[in-house]
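In what follows, a single structure is set out as structure tokens and then discussed.
Everything numeric here is computed off the predicted structure, so don't read it as measured data.
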Amino acid sequence: MTKKVQGMKEPRRLAVWTLAAAISAAAIVPGYASAAPVAVATKASTETMDAAVREAIQQLAAQGVIQGYENGSLRPNQPVTRAEAAKLLVLALDLKPVNGAALSLGSEHSGKWYVSFVNTAIANGLIDVKDGKFNPNQPVSESELAVMAAKALQRDTLSLTSWLSSVADGKANATRGETARLLVKAEQSVRAADARIVSVRALDGIALEVTMNQPMTLDDETIEKSAETFKFDGGLTIVNQPRLKTGSVNQYIVPVTMMEEGRTYTLTYKGSQTLSFTGSGELIRLNDTRQVTNDTFEVEALLSDGVVDYGYVIAAYAGGRGADAIVLEEGNKHNGQTLQIISSLRNRTAVLTPEGGEPIKVNYVGYTQSTDGKQEPKFRLPAGKTLQPGVRYTVSADWFTVKQPSFVAQPIAPLTIASAQKTDSKTLTVTLAQDPGDELFAFRSVTLEGSDGSKLTAQYRVQTRKGATGIFDVQNGGELKDGVTYTVKPVGTWAVTTSNVTLAAK
């Protein structure tokens, strides 16, 4: 996976534009001249300001969010201070004080113009203040501004950074012009309980692209709520929650069961809005399949083939994907290539057919479709069944196609549990003899046989593996007791212990 290659930047230096008399002459910062701002050479000018900046500033000025200085100028190249950033974000995004939130600024800020704005920003999680210390006149960097705006919008920082990228390189202090551009985009991105669908189209056979007029609330995005609000005819159902695309204001990837090519479907949203769309029968293009354990195999998708897992392009995962996260261009393109997006594989199944034998239904192993920088979702045989060495198996499904669909099973030694350590009464860590280099703990369990005769079961907590160690949670309300020594054993044949692995009594 590779990072988004940024395009050409617009010039950072913007011509100074004098605000029309209709806009208040009061400065954005009352008494700004006495606030010891960073010195920036400015002059009144009738030069043409960058059109996008002019439009953004005019819009914010009409809303009362941004104002001119005493001489009527707006100084688009002027750095924005921390205090100014707090005020602009609070006003533009209509942030409200949080009831019961303690005032966070020290007494030295008492009576200053920015106190209410900064306290509101702190209460909403935009700013961290320790011991009441706050530097109101310190310039805000572009990266800091993106982080603050992301917190205000309950979005990922990468999206906000991408919105800034057309006018900024992310390495300098944010200017008023850049901030105005970002705020206008941010205003379009405020989550709304009454958000409505603008359009629906099939991305492929198992996913829709749904465009809203505004992003939904986080509650409306949950699988529990979306299963109630997204209703389809024709036997189509939603498979997992809608996910905002990274860098998009309002476009969601919505995973669904397999569609019929050319069929007209109707989507009813929240019981009141009805839209139609044409189904797609396009299959997901996979590259290869291979065995990974004695009961599990994986299928591989390659970005070089124009296929990307949605884990790398959705806002919810952007923060954890690092350099692998991608901001798609218009039309779901990356570096000019249109990408096929693999949506959530939750509850997906495939068929594994042994040569000369009966087909076996296999289930997708949750949370394995894009881990460790790879696109290799895993499938597991039913409990108690294993792959037989020397037998050729062929993988198929009604929702994907594979260039190399077959593999010959090999004898693969089980993983070896080397040690276990109690974290607290509900959790423990299990460490393998060596790093498996992949998500092979997924949905595995261990038993804990206590010296007092008790028996507990603990299951791996998905996506917690760090090297050879993963976190396991005690199931069914059980607890690890002080003074009891537990012997740890794997459930099934996925692992072995070379010696007694125990959790020592405290």
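Side-chain contact between Thr274 and Leu267 is absent, with no heavy atoms from C-beta onward closer than 4.5 Å. When side chains are defined from C-beta on, Tyr393 does not count as touching Gln291, because their heavy atoms never get closer than 4.5 Å. Side-chain contact between Leu440 and Leu415: present, with at least one pair of heavy atoms (C-beta onward) separated by less than 4.5 Å. Counting only heavy atoms from C-beta outward, the side chains of Phe277 and Leu208 approach each other to under 4.5 Å. Taking 4.5 Å as the limit, some side-chain heavy atom of Arg196 sits within range of a side-chain heavy atom of Ser272.
Judged by distance alone, the side chain of Gln273 and the main-chain N or O of Ile197 form a donor-acceptor pair under 3.5 Å. In this structure, the side chain of Gln337 does not engage the main chain of His334 through any donor-acceptor pair within 3.5 Å. Between the side chain of Thr464 and the backbone N or O of Tyr460 there is no donor-acceptor pair closer than 3.5 Å. Side chain of Trp163 to main chain of Val249: no donor-acceptor pair is present (N/O by atom type, distance under 3.5 Å, no hydrogens or angles). Judged by distance alone, the side chain of Asp233 and the main-chain N or O of Thr266 form a donor-acceptor pair under 3.5 Å. Between the side chain of Asn476 and the backbone N or O of Gly478, no donor-acceptor pair lies under 3.5 Å. Within the 3.5 Å criterion, the main-chain N or O of Met212 finds no donor-acceptor partner in the side chain of Gln214. Under the 3.5 Å distance criterion, the side-chain polar atoms of Thr246 are matched with a main-chain donor or acceptor of Ala315. A distance-only check finds a donor-acceptor pair linking the side chain of Ser451 to the backbone of Thr485 [under 3.5 Å]. Between the Gln369 side chain and the Pro377 main chain, no donor and acceptor come within less than 3.5 Å of each other.
Closest approach of Ala149 to Leu160, counting heavy atoms only: CB-CD1, 3.6 Å.
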Check residues 150-157 and write down every donor-acceptor pair under 3.5 Å in which the side-chain atom is one partner and the other belongs to a residue at least two apart or another chain.
from	atom 1	to	atom 2	distance (Å)
Arg155	NH1	Ser248	O	3.0
Arg155	NH2	Ser159	OG	3.0
Arg155	NH2	Ser248	O	3.0
Asp156	OD1	Ser159	OG	2.8
Asp156	OD2	Ser159	N	2.8
Asp156	OD2	Ser159	OG	3.0

Check residues 339-354 and write down every donor-acceptor pair under 3.5 Å in which the side-chain atom is one partner and the other belongs to a residue at least two apart or another chain.
from	atom 1	to	atom 2	distance (Å)
Gln340	OE1	Arg285	N	2.9
Gln340	NE2	Glu282	OE2	2.7
Gln340	NE2	Leu283	O	3.0
Ser343	OG	Ile206	O	3.2
Ser344	OG	Asn240	ND2	2.9
Ser344	OG	Arg346	N	3.2
Arg346	NH1	Val239	O	2.9
Arg348	NE	Ser344	O	3.2
Arg348	NH1	Val256	O	2.8
Arg348	NH2	Ile206	O	3.4
Arg348	NH2	Val256	O	3.0
Arg348	NH2	Ser344	O	3.3

Worked verdict on Leu158 versus Val327 for side-chain contact (heavy atoms from CB on, under 4.5 Å) = CA-CA 8 Å; Leu158 180 57; Val327 177; 3.8 Å; yes
Lys96 and Asn124: side chain to side chain donor-acceptor pair (under 3.5 Å), yes or no, with the steps?
-> CA-CA 8 Å; Lys96 305 298 183 185; Asn124 282 275; over 6 Å; no
Verify side chain to side chain donor-acceptor pair (under 3.5 Å) between Asp452 and Ser454, making sure each step is shown before the conclusion.
-> CA-CA 6 Å; Asp452 63 348; Ser454 63; 2.6 Å; yes
Go through the steps for Phe297 and Thr289 under the test side-chain contact (heavy atoms from CB on, under 4.5 Å), then give the verdict.
-> CA-CA 7 Å; Phe297 66 92; Thr289 182; 3.6 Å; yes
Can you check side chain to side chain donor-acceptor pair (under 3.5 Å) on Asp295 and Thr293, steps first, answer last?
-> CA-CA 5 Å; Asp295 65 353; Thr293 73; 2.8 Å; yes
Criterion side chain to side chain donor-acceptor pair (under 3.5 Å) on Gln459 and Asp473, from CA distance to verdict | CA-CA 5 Å; Gln459 187 175 64; Asp473 297 308; over 6 Å; no
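Partner of Leu456 under the side-chain contact (heavy atoms from CB on, under 4.5 Å) criterion, out of Val474, Val446, Leu428: Val474 alone.
Checked for salt-bridge contact, Glu376 and Arg290 meet the test: a charged N lies under 4.0 Å from a carboxylate O. In summary, Lys378 and Asp438 engage in a salt bridge, as defined by a charged side-chain N under 4.0 Å from a carboxylate O. Comment: Glu144 does not engage Arg82 in a salt bridge, judged by the lack of any side-chain N to carboxylate O separation of less than 4.0 angstrom. A salt bridge is absent between Glu221 and Arg243; no separation between the charged side-chain nitrogens and carboxylate oxygens falls under 4.0 Å.
Judged by distance alone, the side chains of Asp309 and Gln375 never bring a donor and an acceptor atom under 3.5 Å apart. Side-chain contact of Thr469 with Thr431: a donor-acceptor pair under 3.5 Å is present, judged by distance alone. For the residue pair Arg191 / Thr217, no side-chain donor-acceptor distance below 3.5 Å is found, with atom types taken as modelled.
Using cut-offs of 30° and 60° on the angle between ring planes, the pair Phe379 and Trp399 is tilted.
Other residues, nucleotides and ligands contribute at most 12 non-hydrogen atoms within 6.0 Å of the OH atom of Tyr367. In this structure, Lys426 places its NZ atom where more than 12 heavy-atom neighbours from other residues, nucleotides or ligands lie under 6.0 Å away. A 6.0 Å sphere centred on CD of Gln421 holds no more than 12 heavy atoms belonging to other residues, nucleotides or ligands. Environment of CD in Gln475: crowded, with over 12 heavy atoms of neighbouring residues, nucleotides or ligands closer than 6.0 Å.
You'll find the ring centres of Tyr265 and Phe232 outside the 6.0 Å limit. Two rings, from Tyr269 and Phe230, have their centers less than 6.0 Å apart.
Tyr312 carries Arg321 over the face of its six-membered ring, with the cationic atom under 6.0 Å from the centre and within 45° of the normal.
Put simply, OG1 on Thr257 and CD1 on Ile238 are 10.0 Å apart, with the number rounded to the nearest 0.5 Å.
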